[in-house]
*Asks:* 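One structure is given below, represented as C-alpha cells, and several questions about it will come after.
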2 protein chains.
Amino acid sequence: MSQTVDRALSILPLLAQGPADLGQVAERLGVHKSTALRLLRTLHAHGLVHRQQDQRYRLGARLFALAQEAVESLDVREIAHPHLVRLGERTGHTVHLAVREEGEVLYIDKVESRYPVRMYSRIGKPVAITVAAVAKLLLADLPEPERRSFAERLDYPAYTPRSTPDAAAFLKELATVRAQGWATDLGGHEESINCVAAPIRGADGRVVAAMSVSAPNVVIGTEELLALLPLVRRTAEAVSREYSGAPPAA
Amino acid sequence: MSQTVDRALSILPLLAQGPADLGQVAERLGVHKSTALRLLRTLHAHGLVHRQQDQRYRLGARLFALAQEAVESLDVREIAHPHLVRLGERTGHTVHLAVREEGEVLYIDKVESRYPVRMYSRIGKPVAITVAAVAKLLLADLPEPERRSFAERLDYPAYTPRSTPDAAAFLKELATVRAQGWATDLGGHEESINCVAAPIRGADGRVVAAMSVSAPNVVIGTEELLALLPLVRRTAEAVSREYSGAPPAA
DNA sequence: AACGACTGTTGCACAGTACGCAACGCATAC
DNA sequence: GTATGCGTTGCGTACTGTGCAACAGTCGTT
C-alpha cells in the first residue's frame, strides 16, 4: 500500500464530518502542515475537496459527479429501473433497489412515494443492515459460515422495540428469509414504517440485488402492504430474468 | 502536488466510465502494472474502488457514502429543504436546488414531480451550464470580468434550437438575469421542458444558491409555468432570509 | 499604531518510499 | 502438452515525498 495515497485518502472521511482548516487536517493525520497542504492541493486539483471562503476545506463537487457516474453504470440498476418506476406507479409507495458491497448494503435506486408522508432515505446511503428487508435478503444468500461470522461482527442498534436484538435472532431471521425467498421489515427501523422485499438473482441463482416497497402504516396497514408481496416478487423475478439475459417483456 | 496521489486519483474518473482490469488501468495511467496494482489496492482499502467477481475494478461504495455525507452537511441545503418540499407540494412539479462550485453548477437537492412524466436529473450531476435557469442565476452573480472570461471558456452545445448559441448571447442573457433577479430556461436543454428559477442570497447579497421549478410542456404550458414565478421568488426569498440568520417563519 | 499570535505558504536537504523490472503462479486457450 | 494472457511478488534504484525552518499575511490586542 502506498503511504502517500493512504494519507491523502484518509482526509476524505475526515472532511465528511464537516469542514476543517489546514492545521486540523495536519493534526488529525499526524503529519506536518506542509505535508497536509500538499495532499490537500492534490485532492483539490482533482476536485475532491473544495476550499470555501473562510479557507477551510470541505468535500468537493467531483465526488458527487463520480458517485453519480458510478451508480449509473451499474447494469442491475439500469435493467431494474423501469420496473421500479412501474411498481411505484402501481402501488404509489416508495420503491428501493439495493446491493451488497464489501460488507455494506446500500441503496442504488429509489422511486419516491406519491404520498406526502415519505420515508427518509437516499441513494448511496448505507442501509440499517440488521433490520432492513433488502439487507436480510442480500445477507441470507451468503454461504453459511460467512453469514455467521458476519452476523457476529455486527452491532445491533435498538432502533425500535421490534429491531433485531442480536446475532442469534438475526441468523434465525436470515434462515427464514432464505427459505421463503422474501423478507419484511415491520417497524424494525422506524416504528411506523413497514417494508416488503424480494430478491433479484443472476443467472447462477445468486442474489445480486434486492428491491422493496416501503410505506408508513398511517398510509397503508401491514395487511395491505403484505398483500403487495406477490406483485413485488413478480417484479423482482421479471428483473432477474432480464438480468440473466432474457429479452424484456413487451 | 504529489505525483503518487495524483496518479491514484486519476484512476477514479477512469473507472467512472466503466469497470476496467489492471492492465487497462496501468496502460491508461501510463505506469507499470505493479504500480497500478499498488495504487488500486490503496484505493480499495479505503473503499473507493471495488473489485467485482471478474476481477475488474469499479468505483466503490464509500464514494457514495462520502458524497452523501458531504451533501447533507451543506447548510444551505438543510435550510432550503423544507421550503423545496412545500413548493413541490403546492406546484406538483420538480423542484431543484443548485450551487456553483469551481466553475461547475450542480444540483444538491431535488423534489420529484408528482406527475408521471418526469424530467431526468440527479443530485450531484453537473448542470448544463449554458442553458439551465439555475446556472444563469449563479453565474450572473459573478463580477463582470470573471463572468466574461468564464463565459468565453465555455462550450455551447446546441442541445436544442433554443440553446444559448455562444458566449456573446450568454453574457447578454446573464446581464438580463442579473437585472431582473430571476431566470428561465424555455426549452434550451430539452425541447419540451421549461424552467423558472430564483436566487438564494446570503447576508452580503451574494447569490449562494438557486432554486427552480421545472415541468414538461405536455403537463403545463409556458404561460402557466411563468405564473408560478412569484411563488418561486417568494420561496427563494424566505430561504435567503433564513439563511442570513432570520428565524424560520411559523 | 505597534505588537504579538495565529494561519497558510515556500524552498530545501535528506531519506524514506514509490517506481519499474523481472520472475513467478495460475488460469484459460490452442 | 504447450502457449499466451492475466494478476502477483520481491527487490534495487533513484525519484519523490517528507519535515524543518523561515516567510508572509491577517486578525485581535494592548
Side-chain angles (χ1 to χ4, degrees), chain A residues 1-60 73 75 101-102 143 202-204 206 245, chain B residues 1-60 73 101-102 143 146 202-204 206 245:
Chain A
M1 245 198 1
S2 159
Q3 184 190 69
T4 317
V5 178
D6 186 42
R7 284 173 169 173
L9 297 183
S10 302
I11 294 178
L12 299 179
L14 195 152
L15 290 183
Q17 295 165 24
D21 62 32
L22 179 62
Q24 293 169 334
V25 171
E27 189 192 9
R28 301 188 62 179
L29 269 187
V31 299
H32 196 270
K33 280 190 305 177
S34 59
T35 304
L37 181 66
R38 197 155 7 85
L39 298 176
L40 280 165
R41 282 214 175 121
T42 313
L43 290 168
H44 181 90
H46 286 260
L48 297 189
V49 307
H50 174 67
R51 194 149 202 200
Q52 36 189 34
Q53 288 85 338
D54 60 355
Q55 300 239 319
R56 291 190 304 168
Y57 294 91
R58 59 171 184 75
L59 295 181
S73 69
D75 40 2
E101 184 175 319
E102 313 269 339
D204 55 0
R206 295 287 311 265
Chain B
M1 245 200 358
S2 160
Q3 182 190 70
T4 317
V5 177
D6 186 43
R7 284 173 169 173
L9 297 182
S10 302
I11 294 178
L12 298 178
L14 195 152
L15 290 184
Q17 295 166 21
D21 61 33
L22 179 62
Q24 292 170 335
V25 172
E27 188 192 9
R28 300 187 61 178
L29 269 187
V31 300
H32 196 269
K33 280 191 305 177
S34 59
T35 303
L37 181 65
R38 199 155 2 90
L39 298 176
L40 280 166
R41 282 209 174 126
T42 313
L43 290 168
H44 181 89
H46 286 259
L48 297 188
V49 308
H50 174 67
R51 194 150 202 199
Q52 36 190 34
Q53 286 85 339
D54 61 355
Q55 301 241 317
R56 291 191 303 168
Y57 295 90
R58 59 171 185 74
L59 295 181
S73 70
E101 183 175 320
E102 313 267 341
E146 203 175 328
D204 55 359
R206 295 287 310 267

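Letters A, B, ... mirror the listed sequences (proteins, then strands); counts begin at 1. Since the structure is predicted, the reported quantities are computational estimates derived from the model, not experimental observations.
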*Asks:* Rounded to whole angstrom units, what separation is found between the NZ atom of K33(A) and the C1' atom of dA21(D)?
*Replies:*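 Distance check: K33(A) NZ to dA21(D) C1' gives 11 Å.
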
*Asks:* Give a yes/no on whether any side-chain N or O of S2(B) is located under 4.0 angstrom from OP1 or OP2 of dG17(D).
*Replies:*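 It does, given that an N or O in the side chain of S2(B) lies less than 4.0 Å from OP1 or OP2 of dG17(D).
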
*Asks:* Hey, does the side chain of R38(B) come within less than 4.0 Å of dG7(D)'s phosphate (OP1/OP2), counting only N and O?
*Replies:*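 It does not, given that no N or O in the side chain of R38(B) lies less than 4.0 Å from OP1 or OP2 of dG7(D).
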
*Asks:* Let me know the distance between CG of L22(B) and P of dC26(C), rounded to the nearest Å.
*Replies:*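 It is 18 Å, rounded to the nearest whole Å.
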
*Asks:* CG of D6(B) versus C1' of dC19(C): gap in Å, rounded?
*Replies:*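 That distance rounds to 15 Å.
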
*Asks:* Could you state the NE2-P distance from H32(B) to dC6(D), rounded to the nearest angstrom?
*Replies:*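 One finds 13 Å between P of dC6(D) and NE2 of H32(B), rounded.
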
*Asks:* Check the phosphate of dG17(D) against T35(A), side-chain N and O only, distance under 4.0 Å to OP1 or OP2. Yes or no?
*Replies:*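 False: T35(A) side-chain N/O out of range (4.0 Å or more) of dG17(D) OP1/OP2.
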
*Asks:* Considering every strand and a 4.0 Å limit on heavy-atom distances, what is the contact class for R7(A): base, sugar-phosphate, or nothing?
*Replies:*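 Touches sugar-phosphate only.
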
*Asks:* OP1 or OP2 of dG17(D) versus the side-chain N and O atoms of T4(B): is any pair under 4.0 Å?
*Replies:*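 Indeed, a polar side-chain atom of T4(B) lies that close.
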
*Asks:* Run the salt bridge (charged side-chain N to carboxylate O under 4.0 Å, His left out) test on D54(A) and R56(A) for me, step by step, so that the C-alpha distance in whole Å, both residues' side-chain angles and the decisive distance to 0.1 Å come before the verdict.
*Replies:* CA-CA 5 Å; D54(A) 60 355; R56(A) 291 190 304 168; 2.9 Å; yes

*Asks:* Is a side-chain donor or acceptor of E27(B) paired with a backbone partner of Q24(B) at a separation under 3.5 angstrom?
*Replies:*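 Checked: no pair found.
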
*Asks:* Would you say Q53(B) and R206(A) are linked by a side-chain donor-acceptor pair, where the criterion is simply a distance under 3.5 Å?
*Replies:*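 No, Q53(B) and R206(A) have no side-chain donor paired with an acceptor closer than 3.5 Å.
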
*Asks:* What integer distance in Å separates Q3(A):CD from dA15(C):P?
*Replies:*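 Between P of dA15(C) and CD of Q3(A): 16 Å.
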
*Asks:* NA contact type, R56(A), heavy-atom cut-off 4.0 Å: base, sugar-phosphate, or nothing?
*Replies:*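 Nothing, no heavy atom under 4.0 Å.
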
*Asks:* Rounded to the nearest Å, what distance is computed from the CG atom of residue L37(A) to the C1' atom of nucleotide dA21(D)?
*Replies:*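 Rounded to the whole Å, the gap is 16 Å.
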
*Asks:* By the definition side chain to side chain contact (heavy atoms under 4.5 Å, CB included), identify the one residue from R58(B), R51(B), H50(B), Q55(B) that meets it with P19(B).
*Replies:*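 Among the candidates, only R58(B) passes.
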
*Asks:* Just the rounded figure in Å: distance from P of dT26(D) to CG of D21(A).
*Replies:*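 So the CG-P distance, D21(A) to dT26(D), works out to 17 Å.
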
*Asks:* On DNA chain C, nearest-nucleotide positions of R41(A) versus G30(B): which is more 5'?
*Replies:*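 Residue closer to the 5' terminus by nearest nucleotide: R41(A).
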
*Asks:* Give S34(B) one of three labels, base, sugar-phosphate or nothing, depending on what nucleic acid heavy atoms sit under 4.0 Å from its own.
*Replies:*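 Base contact.
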
*Asks:* Measure the spacing between CD1 of I11(A) and CG of L59(A) and express it to the nearest 0.5 Å.
*Replies:*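 The CD1 atom of I11(A) sits 10.5 Å away from the CG atom of L59(A).
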
*Asks:* I need the NE2-P distance between H44(A) and dG8(C), as an integer number of Å.
*Replies:*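 Taking NE2 of H44(A) and P of dG8(C), I get 15 Å after rounding.
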
*Asks:* Closer to the 5' end of DNA chain C via nearest nucleotide, is it R51(A) or A36(B)?
*Replies:*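 The residue closer to the strand's 5' end, by nearest nucleotide, is R51(A).
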
